[in-house]
Amino acid sequence: MVRAHLVAQITEALAKAQAAGDLPPLPKINITVEHPRQAEMGDYATNVALQLARPAKMPPQKIAELISRHLSIPDTQAIFPASAGRGPAFTAEVVGGFINFRLTPACLACAVEEIIRQDARWGTIDLGKGRKAQVEHGSANPTGYATIATGRNVVVGDTLANTLEAAGYQVHREWYINDAGSQVRIFGQSVFARYAQALGHDEPLPERGYLGDDVKEVGALIAAREGDRFLRMPKEQAAREIGQLGIDLVMERIKHTMARLNIRYDNFFSEKSLWTSGLGEQMLNLLRARGLVIEHDGALWFSEDGSPIRSGQGSLRSEEEYTETHDDEGKPLPVQAVLIRSPRVIPNPEERPTYFASDIPYAWNKVMIRGFNPAIYVWGEDHQGDVPRLYAAARALGLPEGAIRIVIYRFITLMSGGQEVRMGKRKGNALLIDDLLDEIGADAFRYIMLSRSIDTKFAFDLDVLKQQNDENPVYYIQYGHARICSIERKALEEGWETAAPADGLRYDHPSEQALIRKIMQLPEIVELVATTLQPHHYTTYAREVAGAFSKFYEDCRIKGSPPEVAYARLMLARATRLTLARTLRLMGMTAPDRM
RNA sequence: GCCCCUAUAGCUCAAUGGAUAGAGCGCCGGCCUCCGGAGCCGUAGAUCGCAGUUCGAAUCUGCGUAGGGGCACCA
């Protein structure tokens with residue numbers, strides 16, 4: 001709200017100072033306004049004078065004073081159109097080369113009024129301007145129930161989707177089903193083995209088969225539903241058909257798990273469909289026509305610049321060829337070539353050439369056919385090597401710059417007996433989301449998943465989490481919300497709420513003002529998450545809002561205060577409730593009325 | 001070997017290149033005639049190492065050290 005106005009005022013003052021000859025002509029700089037760490041330095045500050053010191057050949061303090069002299073201070077109405085006649089919005093002060101801005105108490109009061117006016121709209125911004133965006137998340141192999149590794153993926157993805165929605169995008173949520181390829185085949189064989197075992201046959205699991213209990217359960221379920229009819233057909237066919245049934249059962253269960261997590265999808269997209277629809281071949285032909293597909297020893301390679309593969313190399317697996325090179329400035333150079341079809345794969349509509357090959361038509365489908373921009377991919381760090389390839393493919397296909405954005409998050413490891421263990425679906429040692437939800441519930445799960453930056457790995461210690469459950473910040477935040485609801489209920493019952501004072505609300509207490517400053521930041525936080533795609537900022541912010549409210553609640557009585565004070569405080573409590581509720585909802589958590 | 005990510009308080013994590021690096025948990029010490037004590041206040045405690053860029057570095061660059069991931073006809 002306020003920030004954009006400040007930037008505009010500073011820009012104007014800078015231009016005026018130059019026009020008046022106080023400052024020499026200067027190069028254009030990026031004018032930023034930030035929150036000073038120290039409250040004594042005001043609510044906002046700009047460092048323009050420090051940035052201009054060198055080009056202007058003047059001391060920063062002097063520049064700041066000159067700019068400040070040309071600064072016009074707007075009335076609150078300029079920022080909050082509904083609030084007229086409340087005086088200037090802020091004061092400006094030059095300290096050590098910074099220009100510090102402090103919102104006037106009247107302006108803080110206008111902010112509270114504005115938040116209440118916006119009500120359910122509070123926290124929405126218009127960054128997207130109605131454009132279509134997609135967040136693809138989840139997308140684990142349908143070869144087992146959802147694990148907590150997928151949990152991080154979906155919670156991050158869903159929160160980003162919520163954020164983009166709040167930021168004014170029309171958001172589509174998609175799960176990509178990797179229902180093609182060899183893992184699916186092995187999964188089918190594994191389910192078949194468990195199925196046969198359930199029917200009393202001594203059928204061994206395939207090599208590198210899936211060992212988890214979930215696959216056992218799926219096999220037994222199919223045995224119970226379908227009887228022994230699959231035992232009377234060729235094993236290969238049985239494994240394929242049972243594999244499909246298994247995928248369906250697994251996806252059903254995953255959808256159920258997602259619903260428990262308060263996550264819904266607009267679409268589940270089948271990888272296989274990219275090839276059965278013919279789009280895959282179409283894209284390969286398009287790339288071939290552009291000279292970007294190379295045939296070598298019967299294999300098909302994608303090469304961004306069409307450069308030939310070195311002769312004598314039957315495969316690009318050698319280090320030299322596969323390594324992503326960097327130029328002198330450290331900028332990545334294009335990957336030389338990526339395998340898209342092996343000579344060993346017999347073309348088969350149920351098989352797709354390679355995993356990467358599917359990414360090409362999928363990207364096209366997202367951006368060119370369905371018109372998503374941005375199309376956001378939420379990927380685990382095991383896909384990190386695919387990032388430059390997908391970008392290369394996007395460039396080769398001529399997708400608009402920036403249409404594809406990839407979010408990489410670090411893995412979750414499991415603490416077991418003081419040791420970190422990497423989970424694996426095939427190994428069957430992965431912790432399932434459902435089991436964890438039984439223990440701690442969806443709100444705590446989502447909060448925990450969001451509480452760490454996606455760039456840091458997460459060592460998951462179940463015992464510690466269970467133990468900490470009661471003192472989790474989740475409850476502190478939700479408690480703040482529930483407490484406000486309780487206050488509002490009581491205020492209604494006991495009739496504390498009087499008429500609004502004619503000349504507007506007033507907040508003189510430091511704890512009131514600190515709380516207002518905090519809740520006012522919500523749109524900035526939404527913008528921050530929408531642009532950085534780092535959702536952990538919400539957890540920090542929610543904790544801060546709840547903390548500021550607790551302090552306010554300790555210091556400032558509502559009940560029993562003079563009517564005007566009580567009214568203003570009640571409104572502040574309401575604005576805080578709206579802020580907490582929105583933040584919790586962005587995180588996909590509930591905002592309970594009572595606990 | 002090459003590429004990506006990470007290293008901040010005893011522990012788990014924050015900090016759009018800004019001013020005195022913040023929280024939670026844990027430790028120690030205070031606060032309930034009162035709107036919900038799942039709370040509030042206070043004490044102690046930290047930027048992996050060495051250079052560099054910058055008016056200013058936890059943040060950017062280089063070289064180390066330690067950990068994770070990737071460089072599959074797995075996904």
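Please read these numbers as outputs of a predicted model, since none were measured by experiment.
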Quiz item: Taking any strand in view, what nucleotide pairs with B/C71 in a Watson-Crick or G-U wobble way, both distances under 3.5 Å?
Solution: B/G1

Quiz item: Among B/G69, B/A75, B/A19, which is the nearest nucleotide to the side chain of A/Val95?
Solution: B/A19

Quiz item: Counting side-chain heavy atoms from C-beta on, which of B/A75, B/G24, B/C55 comes nearest to A/Arg54?
Solution: B/C55

Quiz item: Say you pick atom C1' in B/U12 and the same atom in B/G52; how far apart are they, in whole Å?
Solution: 33 Å

Practice problem: Check whether any side-chain N or O of A/Lys457 sits under 4.0 Å from OP1 or OP2 of B/G69, and answer yes or no. | Solution: no

Quiz item: Taking syn as any angle within 90 degrees of 0 and anti as the rest, which one fits B/C31?
Solution: anti

Quiz prompt | N/O donor-acceptor pair, side chain A/Gln384 with base B/C4, under 3.5 angstrom | solution = yes

Quiz item: To the nearest angstrom, how far is A/Asn178 atom CG from B/A75 atom P?
Solution: 8 Å

Quiz item: Where the side chain of A/Arg410 is defined as all heavy atoms beyond and including C-beta, which of B/A19, B/C4, B/G36 is the nearest nucleotide?
Solution: B/C4

Quiz item: Can you name the nearest heavy-atom pair linking A/Ser453 to A/Gln534, along with the distance?
Solution: OG-OE1, 3.7 Å

Practice problem: Hunt down the Watson-Crick or G-U wobble partner of B/C50, both distances under 3.5 Å, from any strand shown, or write none. | Solution: B/G62

Quiz item: In whole Å, what is the span from the CZ atom of A/Phe411 to the P atom of B/C4?
Solution: 18 Å

Quiz item: OP1 or OP2 of B/G37 sitting under 4.0 Å from any side-chain N/O of A/Arg483?
Solution: yes

Quiz item: Now, which nucleotide makes the Watson-Crick or G-U wobble pair with B/A44, with each of the two distances under 3.5 Å?
Solution: none

Exercise. Name the residue closer to the 5' end of RNA chain B, choosing between A/Ser451 and A/Pro36 according to the nucleotide with the nearest heavy atom.
Key: A/Ser451

Quiz item: Among B/G68, B/U6, B/C55, which nucleotide sits nearest the side chain of A/Glu381?
Solution: B/G68

Quiz item: Taking atom types as modelled and ignoring hydrogens, do the side chains of A/Asn472 and A/Tyr447 form a donor-acceptor contact shorter than 3.5 angstrom?
Solution: no

Quiz item: Of the candidate nucleotides B/G22, B/G39, B/C5, which contains the atom at the shortest distance from the side chain of A/Gln38?
Solution: B/G22

Quiz item: If every non-hydrogen atom of A/Thr163 is compared with every non-hydrogen atom of A/Val526, which pair is closest and at what distance?
Solution: CG2-O, 3.6 Å

Self-check item: Whole-Å distance separating the CD atom of A/Gln61 from the C1' atom of B/A19
Solution: 13 Å

Quiz item: Taking the C1' atom of each, how far is B/C27 from B/U20, in whole Å?
Solution: 25 Å

Practice problem: Check salt bridge (charged side-chain N to carboxylate O under 4.0 Å, His left out) between A/Glu40 and all other residues, then give those that pass, not counting sequence neighbours. | Solution: none

Self-check item: Among B/G68, B/G36, B/G18, the one nearest A/Tyr553 by side-chain distance
Solution: B/G36

Quiz item: What does A/Tyr476 touch in the nucleic acid at a heavy-atom separation under 4.0 angstrom: a base, only the sugar-phosphate, or nothing?
Solution: sugar-phosphate

Exercise. Determine the Euclidean distance between corresponding P atoms of B/C28 and B/G22; express it in Å to zero decimal places.
Key: 25 Å

Quiz item: Would you say A/Tyr210's side chain and A/Leu205's backbone share a donor-acceptor pair under 3.5 angstrom?
Solution: no

Quiz item: Does the side-chain ring of A/Phe98 sit on the six-membered ring of the B/A19 base, less than 5.5 Å centre to centre and under 30° in tilt?
Solution: yes

Quiz prompt | Side-chain N or O of A/His35 closer than 4.0 Å to phosphate OP1/OP2 of B/G18 | solution = no

Practice problem: Just compare B/A19, B/U20, B/A75 and give me whichever is closest to any side-chain atom of A/Glu40. | Solution: B/U20

Quiz item: NE2/A/His537 to OG1/A/Thr583 distance, rounded to the nearest 0.5 angstrom?
Solution: 13.5 Å

Exercise. Return the value, rounded to whole Å, for the distance between atom CG of A/Asp386 and atom P of B/G70.
Key: 11 Å

Practice problem: Can you tell me the distance, in whole Å, between the CH2 atom of A/Trp379 and the C1' atom of B/C74? | Solution: 15 Å

Quiz item: Which whole number of Å gives the distance between the P atom of B/A21 and that of B/A44?
Solution: 14 Å

Quiz item: Does the side chain of A/Arg37 get closer than 4.0 angstrom to OP1 or OP2 of B/A19 through an N or O atom?
Solution: yes

Quiz item: Honestly, is A/Arg152 close enough over A/Tyr409, meaning NZ or CZ under 6.0 Å from the six-membered ring centre and within 45° of the axis?
Solution: no

Exercise. In whole angstrom, give me the gap between the C1' atoms of B/G64 and B/C11.
Key: 27 Å

Self-check item: Proximity to the side chain of A/Lys551 - top-ranked nucleotide from B/C41, B/G39, B/U20
Solution: B/C41

Exercise. Could you please name the partner base of B/A9, counting Watson-Crick and G-U wobble pairs only when both distances are under 3.5 Å?
Key: none

Quiz prompt | Residue-phosphate contact under 4.0 Å: A/Ser182 side-chain N/O, B/A75 OP1/OP2 | solution = yes

Exercise. Measure the distance from CD1 on A/Ile448 to P on B/G24 and round it to the nearest whole Å.
Key: 18 Å

Quiz prompt | Nearest-Å distance once atom P is located in both B/C2 and B/A57 | solution = 31 Å

Exercise. Could you measure between the two C1' atoms, the one in B/A9 and the one in B/C63, and give it in whole Å?
Key: 28 Å

Exercise. Return no unless some side-chain N or O of A/Tyr391 is found under 4.0 Å from OP1 or OP2 of B/C4.
Key: no

Quiz item: So, is A/Arg208 near the phosphate of B/C74, with a side-chain N or O under 4.0 Å from OP1 or OP2?
Solution: no

Quiz prompt | B/G39 OP1/OP2 closer than 4.0 Å to side-chain N/O of A/Ser550 | solution = no

Quiz prompt | Salt-bridge present (A/Lys559, A/Glu494; N to O < 4.0 Å) | solution = yes

Quiz item: Is any side-chain heavy atom of A/His536 closer than 4.5 Å to a side-chain heavy atom of A/Ile454?
Solution: no

Quiz prompt | A/Tyr409 OH to B/G70 P, straight-line distance once rounded to whole Å | solution = 13 Å

Practice problem: Return the nearest nucleotide to the side chain of A/His536; candidates are B/G36, B/U6, B/A14. | Solution: B/A14

Quiz item: Can you find a donor-acceptor pair, distance only, under 3.5 Å between A/Asn100 side chain and B/A19 base?
Solution: yes

Self-check item: base_contact_polar (B/G18 base, A/Asn47 side chain, donor-acceptor, <3.5 Å)
Solution: yes

Practice problem: Taking only the side-chain heavy atoms of A/Arg557 (C-beta and beyond), determine which of B/A21, B/G69, B/C34 contains the nearest atom. | Solution: B/C34

Quiz item: Under 4.0 angstrom, heavy atoms only, what part of the nucleic acid is A/Cys556 near: base, sugar-phosphate, or nothing?
Solution: base

Exercise. Could you tell me whether A/Thr143 contacts a base, only the sugar-phosphate backbone, or nothing, with contacts defined as non-hydrogen atoms closer than 4.0 Å?
Key: nothing

Self-check item: Row check, A/Tyr44 ring normal vs A/Arg3 NZ/CZ: under 6.0 Å, within 45°
Solution: no

Quiz item: Heavy atoms under 4.0 Å, any strand shown: does A/Ala45 hit a base, just sugar-phosphate, or nothing?
Solution: base

Quiz item: Which residue, A/Ser486 or A/Ala140, contacts RNA chain B at a nucleotide closer to its 5' end, judged by nearest heavy atom?
Solution: A/Ser486

